[in-house]
Amino acid sequence: MVCPLPSISLCMLPSLNFEQRHSFRSSLKPTSETLQRELFHKFNSPFELQQVHTLVIKTGTPLSALPLSRVASICALTPSFPYARRIFQLVDQPEISLWNSCLRDFAESDSPFDAILLFHQLRSHNVCPDSFTCSFVLKACLQLLDLFHGRIIHAFVEKLGLQFNLVLQNVILHLYSSCGQISDAILLFNKMPQRDTVTWNTMITQLGKRGDADSAYEMFLQMPERNVRSWTAMVSGFVQCGKPKEAVDLFTKMEEVGLKPNEVTVVAVLAACADLGALNVGRRIHKYSDESGFQRNIKISNTLIDMYIKCGCLEAARDVLGGMKERTVISWSTMIQGLAIHGKADEALELFSEMTQTGIKPNAVTFIGLLNACSHMGLINEGYAFFASMTRDYGIIPGIEHYGCMVDLLSRAGLLQQAHEFIKQMPIMPNAAIWGALLGGCKVHKNIEMAELAMRHLHELDSLNDGYYVVLANIYSEAKQWDNAARLRKLMRNRGLKKTLGLSSVSIKEVAHEFVAGDDTHPQFQEILKMWNQLQVHMRLKGYIPNTSVVLLDIDEKEKEKVLSRHSEKLALVFGLIRTPPGETIRIFKNLRICEDCHASFKLISEIVDREIVVRDRNRFHCFKDGCCSCRDYW
DNA sequence: GTAGGGTTAG
């Protein structure tokens, strides 16, 4: 027999200490409050539902005291479902709202498919869904990119007469567009009776993700009202579409309009600066970000690290990493990759062990950075060791990129036969990048036979890429096989391929000055030429001999030297020397790889003019100082 | 209840 004491709330007894309270409590009949609290902890399996229910009845506790949403999530996908329903029907709360909160939790959980299962459960037990039900299930479909169920729910929305619910229409639009059904999305967009900013922003975001910057921008201009998210979506879209300049320009316009960029905008525009190598804009945004109180945002810090690295400022990148209170695997991987392209393999490897010591597990991208570091410095054994370790110690299956790094590592080091064997033993089909890496090694190590073999594969895999033909033509002309070189040029012509023009830019007071190879139409060309001739006198005294073998054309030596002296990176450097004060570091950005003659020249010039010259080429950084390059001539 | 962001071989 239960002790017939009146129900007293424990909080009415503040003077009792913990032990007293505890002994008192055990002699009391549970109140609704204590019951509710305890139920929350006890509720673990559906078996206990009946026991709890019995307790509730025995103590006369109102049913609403039960943690109903917890009951719902525990019973949702079990045979106790009907039992839970019977309880819900006794509570003064719409049944569907309980299932909805459960659906929301499932949709946001690690297994969103549970939301879809629950939806089927609800349907088969004739529970009537409402608009919230649909929105949560659609959210689950979106997480899973489950177009099949998405279409079912869409049909259901129409059946329930919810086709005028703007929120639902927006989710459906989002679902179609992110499942790659852009034409369905556009169809829906066009027939929507009303649209809001979310509708437009969704379209802009998804078009940007698909690489269609033009359509996205058209929408951006067309939309009646733009908020910060609209601008952010467009800035981000430009970055994703490989238009970082447009991204920075739009960002500037956004500031002019008086809108305050938020954390997401900052990430997007910093990524644009990284792509552009726009250090000054990047620095300004870093300052803005700090002033806005974004210091603790990990994604911003990670993007800042990447931005500084890609702008050639390793020190600044280190400072950002050093100042981070919390780091993710991305923070470390970004820095490791950064050190790799700056030729600091030892530091990259050190950072890796520091990372694992702090308990952070590397991911597939971390290993790309590590292998890259080995590759840029010729660390063959270390590279093999990392390649083996990634699977053995971390269960990461190497992807095509990892194989690419290994082929690059071996080829660069001149182990061409070994590289070829490695390719033949790959468990996945080698792609153009793999053969391209081998071809690159053949150029450095002047192996015509292997180069031709690689080219046969490249011919099949990526016949429209001019770069490979140029490399092979280069190999031929260096070996003075003019017939073969000419044959290749003819092949390129027949295929409608043109050699990508060399483009270099040098930034002076925030303005990027661009130079094209061979361009003598620049207004300051005469000045540049004069300066180059002066430099050459000093260079020749230091033993400089123009390396005319890099010139593809079969022309006389004097002509070759002329072509050589007008390489875009040389024009940019000389212009930079003229227009900047002595001692200032010169930063050059080139779209292709730096040529061997320019590399040799820059080393000498850095010594002659006593300046640091930082060149970011298509692959990595070269930092010239006191007659040496940070790549130690291994590239 | 609906829209967004960070590292990735050559």
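Below, read A as the first sequence line, B as the second, and so on, with proteins coming before strands; counting in each chain starts at 1.
In this structure, A:Leu138 reaches neither bases nor backbone, as no heavy-atom distance under 4.0 Å exists between it and the strands shown. Among the atoms of the strands shown, none is found under 4.0 Å from any heavy atom of A:Ile172. Within the 4.0 angstrom heavy-atom criterion, only backbone atoms of the sugar-phosphate kind lie near A:Val171; the bases stay farther away. Contacts of A:Arg620 with the nucleic acid, taken as non-hydrogen atoms under 4.0 Å apart, are absent.
For A:Lys344, the NZ atom sits in a loose shell: 12 or fewer heavy atoms of surrounding residues, nucleotides or ligands are nearer than 6.0 Å. Crowding of A:Lys287 atom NZ: a count of heavy atoms from other residues, nucleotides or ligands under 6.0 Å not exceeding 12.
Contact annotation: the side chain of A:Phe621 never approaches that of A:Cys631 to less than 4.5 Å [non-hydrogen atoms, C-beta and beyond].
Contact annotation: A:Lys443 does not reach the phosphate of B:dG10 (side-chain N/O to OP1 or OP2, under 4.0 Å). Side-chain nitrogen and oxygen atoms of A:His174 include at least one within less than 4.0 Å of the OP1 or OP2 phosphate oxygen of B:dG4. Under 4.0 angstrom from either OP1 or OP2 of B:dG10 there lies no side-chain N or O belonging to A:Arg593. An OP1 or OP2 oxygen of B:dT2 is reached within less than 4.0 angstrom by a side-chain nitrogen or oxygen of A:Lys139.
The base of B:dG4 does not come close enough to the side chain of A:Asn201 for any donor and acceptor atom to sit less than 3.5 Å apart.
Under the side chain to side chain donor-acceptor pair (under 3.5 Å) criterion, A:Ser463 pairs with no residue, sequence neighbours left out. With sequence neighbours excluded, no residue satisfies ring-ring contact (aromatic ring centres under 6.0 Å, His included) with A:His402.
For A:Val167, whose side chain is taken as the heavy atoms from C-beta onward, the closest listed nucleotide among B:dG4, B:dT8, B:dT2 is B:dT2.
Taking a cutoff of 4.0 Å between a charged side-chain nitrogen and a carboxylate oxygen, A:Arg456 and A:Glu460 do not qualify as a salt bridge.
Taken residue by residue, residues 303-313 of chain A places heavy atoms nearer than 4.0 Å to DNA chain B at A:Thr303, A:Asp306, A:Lys310.
Atom CD1 of A:Ile434 and atom C1' of B:dT8 are 14 Å apart (whole Å).
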